[in-house]
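Written below as structure tokens is the structure these notes are about.
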Amino acid sequence: MNIKERNAKSGIQTRNEVYMFYVRYFKEYGYAPSYKEVAESVGIAVATVKRQVTNLIEMKYLATNHPGESRAIRVTGYEFKRRKTQ
């Protein structure tokens, strides 16, 4: 595998990790995480999170009506209900 292929695979893996973090976070809290929370959890830079979120929006996995606002991101195709606390 050459460097370009390795970087592409790494980018896909990172994008998947960012997406799954959004899904898990929505399930638990009912709203989007901040870019900083995603970055710290996945172990990447905030700039990388923003780039991956942009990619995920273009791919229609995520959506927003307010570009640039991290808490305005939503996961498409899911209906989340907050867990009831006991």
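Computed from a prediction, not measured in an experiment: that's the story for all the values here. Residue indices begin at 1 and follow the sequence shown. Just so you know, these numbers use all the heavy atoms, side chains as well, and skip hydrogens, waters and symmetry mates.
- Annotation: salt bridge (Lys or Arg N to Asp or Glu O under 4.0 Å) contacts of Arg74 (sequence neighbours excluded): none.
- By the side chain to side chain contact (heavy atoms under 4.5 Å, CB included) test, Thr76 is found to be paired with Ala63, residues two or more places apart in sequence or in another chain being considered.
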Going by atom type alone, with no hydrogens or angles, which donor-acceptor pairs under 3.5 Å involve a side-chain atom of residues 35-51 and a protein atom two or more places apart or on another chain?
from  : atom 1 : to    : atom 2 : distance (Å)
Glu37 : OE1    : Tyr25 : OH     : 3.3
Glu37 : OE1    : Ser34 : N      : 2.7
Glu37 : OE1    : Ser34 : OG     : 3.3
Glu37 : OE1    : Arg71 : NH1    : 3.3
Glu37 : OE1    : Arg71 : NH2    : 3.3
Glu37 : OE2    : Tyr25 : OH     : 3.3

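- Note that the CD1 atom of Ile12 and the CD atom of Gln52 stand 9.5 Å from one another [nearest 0.5 Å].
- Here the CD1-CG distance, from Ile73 to Leu56, works out to 9.5 Å after rounding to the nearest 0.5 Å.
- Scanning both residues, Ala32 and Phe26, for their nearest heavy atoms gives N-CZ, 3.7 Å.
- For residues 37-73, the pairs satisfying ring pair (Phe, Tyr, Trp, His ring centres under 6.0 Å) are Tyr19-Tyr61, with sequence neighbours left out.
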